Amino acid sequence: MRRACQAAEDAFDTFRDPHPWRRARLLETIAHYRRLRGAVRLRVLGITDESRLGRSTWLLRLRCTPDSAEQLAGALARRPDTAYVSVISGGTEVMCAMKPRTRQARDELLLDRLQRTPRVISVSAHCLLHHFYGGPVGWLSKINALSLDEQAALRPPPVDPGTSPVVLEDADEELLAVLARDGRASITELRANTGLPESTVKRRLDRLRATGILYLDVQFDHKQLGNDVVAILWLTVAPAALANVGRALASHPEVRFAAATTGQANIVAATLHAGTGDLYTYLSDKIGALDGVRSVETALTLREVKQLAYEPGR
């Protein structure tokens, strides 16, 4: 199970255009994919790196009355510009990532709709300034279920992100929309959904990957891999220690996401643990040993309503 999950995250082309060696080496692993979709609710999705398009990602913390948390989380989860929508803090807070396509869309949600939402007590928005871990580098790469040779064979060539934002064309948007629903979509499926010739599909896919705009991510039930506790850490770190603390967090096996952010706490991290005892050990032994960390706020995720794609009843 762990091998197949990591293979799904690492392999961009395993489903679409597999190299003969990769097919022979990982045929049994990939054959588990359909079973994993039921066992761990695994989905492979094509994700757009918003930073390559000059867009910002925001984390929203919404304090609300306990009777409204589930409804609020559900409404946010149904939006196409949100991810990782969770109910935390004893059911009195909803947290989510928001990826607005335009400034107008951002302001409409933050300054208008949320401010007028009944039973929302307060809203705080935190802009992500720098990713230390997460996004194109997924947590499953830390479980070491595949050998180094297998990981190297599965991964696409390194990207060349460049220095200026990339401008997408309508055909690129169409391809990204299909892959956002199913990252395993074949060339034939992409042609059928977009109406583009095969050569155009391949050329545009190569460009989206080479520029770092498109990458694969995996949505799965982390409890099936032995992680019953999901924690959100808000760290207040001395500015001079920000980079060192961020790099240290990125190296921790428990960390699935870490970024520098605006706000009183200037680093946010999401961590996975087998139990609350393991979380305590992590906080005391690893976080406590980091120079420059002044304080840590910890919140447990009670229910993850949405990861990358919304699945009602999750």
Side-chain angles (χ1 to χ4, degrees), residues 49-51 56-64 69 82-99 110 121-144 217 222-223 225-304 307:
D49 187 342
E50 303 293 336
S51 65
S56 298
T57 298
W58 294 73
L59 289 185
L60 307 184
R61 300 184 68 177
L62 300 98
R63 289 179 51 80
C64 57
T82 62
Y84 294 102
V85 182
S86 301
V87 178
I88 63 176
S89 301
T92 59
E93 185 174 352
V94 174
M95 177 176 164
C96 77
M98 182 182 72
K99 301 178 179 181
L110 294 182
I121 299 171
S122 66
V123 179
S124 62
H126 309 265
C127 183
L128 299 187
L129 305 176
H130 178 78
H131 283 75
F132 296 112
Y133 193 83
V137 184
W139 176 80
L140 287 170
S141 64
K142 293 182 175 181
I143 67 176
N144 296 321
D217 207 342
H222 51 79
K223 292 184 179 180
L225 295 182
N227 297 300
D228 288 335
V229 173
V230 180
I232 306 298
L233 311 183
W234 295 88
L235 288 75
T236 302
V237 178
L242 204 59
N244 287 339
V245 170
R247 285 192 290 266
L249 289 171
S251 70
H252 293 172
E254 298 86 353
V255 172
R256 69 171 182 176
F257 170 80
T261 181
T262 59
Q264 183 175 356
N266 47 12
I267 288 184
V268 60
T271 60
L272 297 173
H273 311 271
T276 53
D278 297 279
L279 172 58
Y280 168 78
T281 300
Y282 176 70
L283 291 172
S284 62
D285 292 358
K286 291 190 176 180
I287 298 298
L290 296 176
D291 292 333
V293 175
R294 295 171 174 171
S295 65
V296 181
E297 177 190 356
T298 307
L300 296 185
T301 296
L302 300 183
R303 192 164 85 84
E304 201 166 46
Q307 288 186 21

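The first residue of the sequence shown is numbered 1, and numbering continues consecutively from there. Since we're looking at a predicted model, the values are computed, not measured. Quick note: numbers below take in every heavy atom, side chains included, and nothing from hydrogens, waters or symmetry partners.
Under the salt bridge (charged side-chain N to carboxylate O under 4.0 Å, His left out) criterion, the residue pairs touching residues 84-99 are Arg61-Glu93, with sequence neighbours excluded.
In this structure, Leu249 and Ala269 approach most closely via the heavy-atom pair CD1-CB, 4.5 Å. Smallest separation of non-hydrogen atoms from Gly91 and Ala69: O-CB, 3.3 Å. Smallest separation of non-hydrogen atoms from Asp291 and Ala241: O-CB, 3.7 Å. Taking all atoms of both residues into account, the shortest heavy-atom contact from His222 to Asn227 is ND1-O, 2.8 Å. Smallest separation of non-hydrogen atoms from Tyr84 and Arg256: CD2-NH2, 4.2 Å. The two residues Ala231 and Thr298 make their nearest non-hydrogen contact at CB-CG2, 4.4 Å.
Taking CG from Leu279 and CG from Leu300, the interatomic distance works out to 6.5 Å, rounded to the nearest 0.5 Å. Taking CG of Asn266 as the start and OG1 of Thr261 as the end, the distance is 8.5 Å to the nearest 0.5 Å. Distance check, rounded to the nearest 0.5 Å: OG of Ser89 to CG of Leu302 gives 7.5 Å. Here the straight-line distance linking atom OG of Ser251 with atom OH of Tyr133 works out to 10.5 Å at 0.5 Å rounding. Taking CZ of Arg294 as the start and CG of Leu235 as the end, the distance is 12.5 Å to the nearest 0.5 Å.
Checked against side-chain hydrogen bond (donor to acceptor under 3.5 Å, both in side chains), His131 has no partners two or more places apart in sequence or in another chain. Lys286 is linked by a side-chain hydrogen bond (donor to acceptor under 3.5 Å, both in side chains) to Glu254, counting only residues two or more places apart in sequence or in another chain.
Of the residues Val245, Val237, Asn244, the one that meets the side chain to side chain contact (heavy atoms under 4.5 Å, CB included) test with Leu290 is Val245.
Looking only at side-chain heavy atoms (C-beta outward), Leu129 and Thr262 come within less than 4.5 Å of each other. Here the side chains of Val85 and Val94 are in contact, with some heavy-atom distance below 4.5 Å. Contact annotation: the side chain of Ile267 never approaches that of Thr236 to less than 4.5 Å [non-hydrogen atoms, C-beta and beyond]. Put simply, the side chain of Met98 reaches to within 4.5 Å of the side chain of Leu110, judged on heavy atoms. The side-chain heavy atoms of Val255 and Phe132, taken from C-beta on, include no pair separated by under 4.5 Å. Counting heavy atoms from C-beta outward, Ile232 and Met95 have side chains that approach closer than 4.5 Å. In this structure, the side chains of Leu59 and Leu128 come closer than 4.5 Å at one or more pairs of heavy atoms. Side-chain contact check for Leu272 versus Val230: some heavy-atom pair is nearer than 4.5 Å.
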From CA spacing to verdict: side chain to side chain contact (heavy atoms under 4.5 Å, CB included), Thr271, Leu233 = CA-CA 8 Å; Thr271 60; Leu233 311 183; 4.0 Å; yes

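Between Tyr282 and His273, the ring-plane angle classifies as tilted under the 30° and 60° cut-offs.
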